[in-house]
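When a ligand or atom number is given, it counts from 1 through the structure's own listing order. Side-chain atoms are counted along with the backbone in the values below, which use heavy atoms only and exclude waters and symmetry mates.
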Amino acid sequence: MEGGAWVWGDEVQAEERCGAYVVAGLILAALAAAAGLCLVTLVSRVAVGVRATRRMRRVLAPMPGPAALPILGNIPELLTSQDKFWTKITTLMSRYAPTFCFWLGPTPFVVITDPRDYEHVMGSARFNDKSSWYPLARAALGTGLITLNGEPWRRHRKAIAPSLHQHVLVQNVEVFRRKACELSHMLSRAARSAETVDILEFCNLVSMDSVCETLLSADLSHHGAALGRFVDLTTDAARSVTTRICKPWLLWDSLYALTRAGRTAARTMQETDAFIDGVIAKRKDGDRKDAAKVTKRSFLEHALASENLANLMTAEEWREEAKAMVVAGQGTVAHCLSFALLLLAMHPDSQDRLRRELEDVFGEDPDRSVTEHELPHLQYTERVILETLRLFPLVPVFGRDCPEDVQLPSGHAVPRGAHLFMFPFHTQRDPAWFPEPLRFDPDRFLPERVRGRPPLSFSAFSAGPRSCIGQRYAMMYLKTVLATVMRRFAVHRAPGDVRGVADLPIEIGVILSLDGGFQVRVSELGDPPSSAQAATRHIH
Ligand code: HEM
């Protein structure tokens, strides 16, 4: 019995061992098969990638551009610090424009500057998808219209566009006028102190206040610290985008998240979300004190009031869009206003002419309120804004994916898979379309002179299906604010500042800005100018 039990036990053990071997063998075989499959997939992917890259190289061979290394492309020569980034771009432009190509690893970037090529690309729904580099900008702009593609973009644009129609927007003019009066208070203090001020700081606060009220129905005019913090957050987020472009290894999300910059960016994002949530909640809770002052329906209220529009997006999507709209709207109008005031300070003749137009339209009373009825008559004011955006297009470059092989009107072939980058900053300073391009001359936008140029020689708001959805909003805001403040104040260069347009040191983040800020002096009209202000009048 014992011997039999032993034999039986032995057999069982042997069988178990055998079973374990079979299972282990099967697992090993499965692992080997999986590894083999991965290898085959990897090899075939690499092969497809290599074939595609070879093909793109063949098609792009005739195009000018810096010589690219086999695997890295032009990465080594493009590596630079953040403060030299713009110089690097302009050096490339001056060497290779109008059309050229550079390579980041196996990916070609084709830079175009010919307005006829712009029409071909921006005018066509086939090129609707933003370059796959745009998600980088999500750190600054959230997941909104600017960075979305495909079906979500179409659905969001359909939901949002009606709330930015002219008949809705005119309700904002009264808000813009009130905010312009707040800017006047700030300018009045600056005039009394006779100090040089960075006008962007004022414009940032007032524009943030304006967009929060008109887009979200939140009156934050008495919450200066919160407004200031939000401006700082959006500025930091925008900076983080260029940091990553200048250090390409940080483009890898998981690696970036581990760095101090990545952790700061994540905290910034959380704080921005909390700010927007707070603003929306404040409105929902019906904060009586603030709500009482809000007489018109905001963009968000207008959209959510219509069931058809509201249902096009989820609550989360509306929140993201609200954030993206506030960020896109605030930074752009604040910078445009600051550039315009600086350029007017540098060009006293244009400033006088603008003021004469304001007197013609509003009469001599500097306190007469701006309403939507005067805005269409502010033609010179409008030309000043457009000429400001010609010299300083706030989005100096924008990109699209190239979904198919294309022959551009300028004669260049671009293969499927390339990234197409348009560069209005260059086009809008091209003497072919704008003789003496660095001269500030608002009359370039007189209708008869516009007719003589290709339509997209000016494209500061982009064009076609993906053009700026906030263009009308921006123009109304800028005209209302300029018409309010320029009837009471004059702006002057900082003492000793003799820089021309070409000398202004550009700083590039998500939008174009100036290194060192927008330094001007302000005086109240009717006050005798200080000696420094009188001196600046004679520079030109
Ligand atoms: C002077 C002021 C402004 C300028 C120069 C400007 C310029 C632009 C440009 C060039 C684009 C296209 C960007 C690209 O293709 O990558 C754009 C898109 C956009 N802008 Fe503006 N913008 C201004 C003001 C505003 C305002 C006030 C708002 C919101 C109220 C706004 C919201 C948007 C949105 C949501 C998009 C994305 C549209 C889409 O892709 O469907 N912008 N803007």
### Query
Between F362 and R488, is there a cation-pi geometry (under 6.0 Å to ring centre, at most 45° from the normal)?
no
### Carboxylate-amine/guanidinium contact E119 R116, below 4.0 Å
no
### Query
Salt bridge check: are R155 and E151 linked by an N-O gap of less than 4.0 Å?
yes
Applying a heavy-atom cut-off of 4.0 Å, say which part of [X] lies close to ligand 1: side chain, backbone, both or neither.
X: R400; result: side chain
X: S467; result: backbone
X: I146; result: both
X: W153; result: side chain
X: K130; result: side chain
X: Y473; result: side chain

Residue and atom name of the nearest protein heavy atom (relative to [atom]), distance in Å to one decimal:
atom: atom 4 (C) of ligand 1; result: F461 CE2, 3.5 Å
atom: atom 32 (C) of ligand 1; result: A328 CB, 3.9 Å
atom: atom 18 (C) of ligand 1; result: C468 CA, 3.6 Å
atom: atom 26 (C) of ligand 1; result: G329 CA, 3.5 Å
atom: atom 35 (C) of ligand 1; result: I469 CG2, 3.5 Å
atom: atom 30 (C) of ligand 1; result: M325 CE, 4.0 Å
atom: atom 23 (C) of ligand 1; result: T332 OG1, 3.5 Å
atom: atom 16 (O) of ligand 1; result: Y134 OH, 2.5 Å

### Query
Does any donor atom in the side chain of H419 or T107 lie under 3.5 Å from an acceptor atom in the other side chain?
no
### Task
Under 4.0 Å from a heavy atom of S462: give me the atoms of ligand 1 that qualify, with their elements.
10 (C), 12 (C)
### Query
For ligand 1, which atoms have a heavy atom of V395 less than 4.0 angstrom away?
7 (C), 8 (C), 9 (C), 10 (C)
### Task
May I ask you to check whether F339 and F518 place their ring centres under 6.0 Å from each other?
yes
### Query
Is it true that F423 and Y118 have ring centroids separated by less than 6.0 Å?
no
### Message
Considering R472, R466, Q471 one by one, which has a heavy atom nearer to atom 40 (O) of ligand 1 than any of the others?
### Response
R466
### Message
Looking at non-hydrogen atoms alone, which of A460, S163, S459 comes nearest to atom 7 (C) of ligand 1?
### Response
A460
### Query
Where is the tightest heavy-atom contact between Q428 and F434, given as atom of each residue plus distance?
O-CD1, 3.4 Å
### Message
Determine whether a donor-acceptor pair (N or O, by modelled atom type, separation under 3.5 Å) exists between the side chain of H335 and the backbone of G331.
### Response
yes
#### Entry: Sidechain-backbone polar pair: D401 side chain, P403 backbone, donor-acceptor under 3.5 Å
no
### Summary
Which of I89, T113, I112, T90 passes side chain to side chain contact (heavy atoms under 4.5 Å, CB included) with H426? Answer is T113
### Message
Below 3.5 Å, N or O to N or O, backbone or side chain included: is there any such pair between R157 and ligand 1?
### Response
yes
### Task
Describe, in one word, how the ring planes of Y473 and F176 are oriented to each other, choosing from parallel (under 30°), tilted (30 to 60°) and perpendicular (over 60°).
perpendicular
### Task
Have a look at D441 and tell me which of R353, R449, R383 forms a salt bridge (charged side-chain N to carboxylate O under 4.0 Å, His left out) with it.
R449
